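First the structure, in the form of structure tokens, and then the observations on it.
Given the structure is predicted, the values throughout are model-derived calculations rather than measurements. To find a chain, count down the sequence lines: A is the first, B the second, and so on, and within it residues start at 1.
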Amino acid sequence: MTDKKDAFVTEITPQSQDFSSWYLDVVRKAELADYTAVKGCMAIRPYGFAIWELIQQELDRRFKATGHVNAYFPLFIPESLLMREAEHVEGFAPQVAWVTHGGNEKLEERLAIRPTSEVIIGTLYAKWIQSWRDLPVLINQWSNVVRWEKVTRPFLRTTEFLWQEGHTAHETEAEAQEETLRILDIYKEFAESVLAMPVMAGAKSESEKFAGASRTYSIEALMGDGRALQAGTSHNLGQNFARAFGIQFQGRDKVLQHAWTTSWGVSTRLIGGVIMTHGDDSGLVLPPRVAPQQVVIVPISRGNWQETVLPKARDIQARLVAAGVRVRLDDRDSYTPGWKFADWEMRGVPLRVEIGPKDIEKQQVVVARRDTREKAFIPMDAVEDRVRSLLDEVQQALLARATKFREERTRRTADYAEFSAWMEGRPGFVISPWCGHADCEAAIKSETQATIRNMPFGGDEPSGACLKCGRPATAQAWFAKAY
RNA sequence: CGGGAUGUAGCGCAGCCUGGUAGCGCACCUGAAUGGGGUUCAGGGGGUCGCGAGUUCGAAUCUCGCCAUCCCGACCA
């Protein structure tokens with residue numbers, strides 16, 4: 001990355017030098033988030049929040065289209081309630097923040113700040129569900145949650161974060177399983193088509209399962225530094241929570257029985273995933289579908305440009321807005337065009353339209369792509385069409401590039417020595433046969449830092465011996481060092 | 001939570017060792033000229049030196065405690 005053009009951005013640490021510093025520089029310089037006085041609690045700045053709003057819109061539409069509705073549940077959970085489901089408590093206890101006082105008075109019972117809402121929602125479902133006719137219940141909530149983390153990083157792992165959590169209840173085990181996988185499928189389709197982030201969907205191992213779940217599924221993405229990011233989870237909770245909270249209904253067979261529940265979520269962590277999937281040494285690269293501004297128009301300020309160039313630029317802006325493009329006209333007089341080019345590149349705007357006196361003469365504009373930096377002249381009267389098709393092309397190109405990257409970094413071996421070497425060198429996914437035993441998984445983790453990300457559906461049938469212990473393999477597992 | 005590092009203007013840093021009341025670059029403000037890849041000149045504004053104690057006539061500087069951030073581990077739905 002010694003190209004002359006790359007030298008313009010000097011305030012971001014190159015990825016190759018220190019990926020972690022690069023990430024933090026991008027978050028800060030692109031004004032996505034900022035630190036606050038409390039450890040792990042970041043402020044999401046307007047530009048970062050605009051990305052989250054686009055993510056919300058896209059997901060919300062998909063949830064609604066599959067019959068889900070939104071609701072809101074409280075932030076506090078009484079301690080006694082949290083204790084109801086044994087595995088759940090055990091899993092979350094170390095990460096729960098507690099409220100002990102109301103004003104100056106000590107509370108009779110401590111209140112947990114929700115780390116997730118299964119228990120509070122479970123108690124309500126117990127009230128709301130009486131009959132099989134009340135099922136399924138398909139509710140989603142957009143909210144914040146708090147998990148006391150020891151190591152925090154903006155977006156990737158924060159003490160407080162924003163997310164959506166879906167909670168559903170069903171009549172049969174099969175329906176609950178169907179729901180669990182339907183959502184996982186939505187997550188995958190969303191990640192790939194909107195975030196241009198290829199993900200591997202599959203089942204979590206027993207030890208990586210959600211506390212209290214029967215089965216956990218995830219989508220896993222590969223970041224630019226070769227580490228995996230869990231980008232979303234969907235849990236089949238079986239009847240575990242229904243039993244703990246008394247979610248019962250009278251069935252078609254007149255028998256009183258426990259409901260089958262699921263829960264699923266994605267969080268602001270996805271923004272971190274987008275940054276680390278597409279970003280480069282000049283900063284952020286946003287897929288058009290989650291770019292708050294898909295196009296920035298930079299008028300070339302020459303001579304009395306405010307009277308000659310600016311009206312034309314405004315005209316193009318209006319036409320693009322009418323065509324449904326999120327566009328911004330950068331008419332600031334205090335910056336030169338070159339400065340603006342670098343600034344918007346750092347912020348990841350997918351397309352830049354330049355218009356100057358020469359373009360007006362020739363009835364054209366210049367369009368530059370953020371991902372490839374290619375520039376092209378396009379006729380003025382074809383701006384809407386060309387911009388829209390270019391936005392599509394960029395969206396596709398980002399997914400294709402990220403997919404290629406993942407393929408290059410995904411290897412397959414049944415040999416433990418080779419496995420270890422790969423995890424040390426340039427990491428990535430390694431697909432290996434595994435025996436299904438937790439002790440073996442733990443040994444691999446302590447020796448190589450690699451964990452089982454998930455076991456994809458429709459993969460190869462397990463065959464041969466476990467790469468670590470030699471016992472018969474029960475699954476082909478995708479291993480990686482994870483965030 | 002363990003080991004290491006850092007905290008001085010919005011950002012990056014110097015000053016600290018050897019105590020004497022804060023400086024540089026960029027950014028910011030004003031004006032003019034510029035303007036097709038971070039423009040130039042001139043003038044100007046901005047700092048509880050992370051927070052709190054202590055030592056001292058005097059603390060950014062020395063001592064102690066706390067907080068935050070970063071890196072490496074442990075832990076992590």
Can a side-chain donor-acceptor contact be found between A:Lys204 and A:Gln230 if the only test is distance below 3.5 angstrom?
yes
Pair A:Glu90-A:His88, side-chain donor/acceptor within less than 3.5 Å:
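No pair is found: no donor N or O on one side chain lies under 3.5 Å from an acceptor on the other.
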Heavy atoms under 4.0 Å, any strand shown: does [X] hit a base, just sugar-phosphate, or nothing?
X        : answer
A:Gly40  : sugar-phosphate
A:Asp359 : base
A:Phe161 : base
A:Arg269 : nothing
A:Asp25  : nothing
A:Ser21  : nothing

Please tell me which of A:Lys209 and A:Cys41 maps to the more 5' nucleotide of RNA chain B, matching each residue to the nucleotide holding its nearest heavy atom.
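Of the two residues, A:Cys41 wins.
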Between A:Thr158 and A:Ala368, whichever has its closest RNA chain B nucleotide further toward 5' is A:Ala368
Given atom [atom1] of [X] and atom [atom2] of [N], what is their separation to the nearest angstrom?
X        : N     : atom1 : atom2 : value
A:Asp333 : B:U30 : CG    : P     : 11 Å
A:Lys150 : B:G2  : NZ    : P     : 10 Å
A:Asp343 : B:A27 : CG    : C1'   : 12 Å
A:Phe341 : B:U39 : CZ    : C1'   : 14 Å
A:Ile12  : B:C11 : CD1   : P     : 16 Å
A:Asp34  : B:U69 : CG    : C1'   : 12 Å

Counter-base of [N], judged by Watson-Crick or G-U geometry with both distances under 3.5 Å:
N     : result
B:G54 : B:C62
B:A14 : none
B:G7  : B:C67

So which nucleotide from [options] ends up closest to the side chain of [X]?
X        : options             : value
A:Val151 : B:G35, B:A68, B:A74 : B:A74
A:Glu354 : B:G36, B:C75, B:C70 : B:G36
A:Lys358 : B:G37, B:C70, B:G36 : B:G36
A:Val366 : B:G36, B:C75, B:C70 : B:G36
A:Arg28  : B:C1, B:C11, B:G35  : B:C11

Could you label the plane-to-plane angle of the [X] and [Y] rings as parallel, tilted or perpendicular, counting under 30° as parallel and over 60° as perpendicular?
X        : Y        : answer
A:Trp52  : A:Trp142 : perpendicular
A:Tyr187 : A:Trp264 : perpendicular
A:Phe419 : A:Tyr416 : parallel

Short side-chain N/O contact to [N] OP1/OP2 from [X], under 4.0 Å:
X        : N     : result
A:Tyr35  : B:C70 : yes
A:Lys39  : B:U69 : yes
A:Thr336 : B:U39 : yes
A:Tyr335 : B:G37 : no

Hey, is A:Asp371 close enough to A:Arg401 for a salt bridge, meaning N to O under 4.0 Å?
no
Please determine if A:Arg28 and A:Asp25 form a salt bridge, counting it only when a charged side-chain N lies under 4.0 Å from a carboxylate O.
yes
Quick check on the 6.0 Å ring-centre criterion: do A:Tyr217 and A:Phe457 meet it?
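Between A:Phe457 and A:Tyr217, which both carry aromatic rings, the centre distance is below 6.0 Å.
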Going by heavy atoms closer than 4.0 Å, what residues in residues 436-449 of chain A are next to RNA chain B?
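Output list: A:Gln449.
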Please list, by residue number, the residues of residues 82-96 of chain A whose heavy atoms come closer than 4.0 Å to an atom of RNA chain B; answer none if no residue qualifies.
A:Phe92, A:Gln95
Considering only atom P, compute the distance from B:C75 to B:U61 and round it to an integer number of Å.
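Per the computed distance, 39 Å lies between those P atoms.
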What integer number of Å spans the P atoms of B:U40 and B:U34?
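About 15 Å, rounded to a whole number of Å.
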Test: [X] cationic atom under 6.0 Å from [Y] six-membered ring centre, within 45° of axis:
X        : Y        : value
A:Arg269 : A:Phe155 : no
A:Arg453 : A:Trp478 : no
A:Arg352 : A:Phe341 : yes

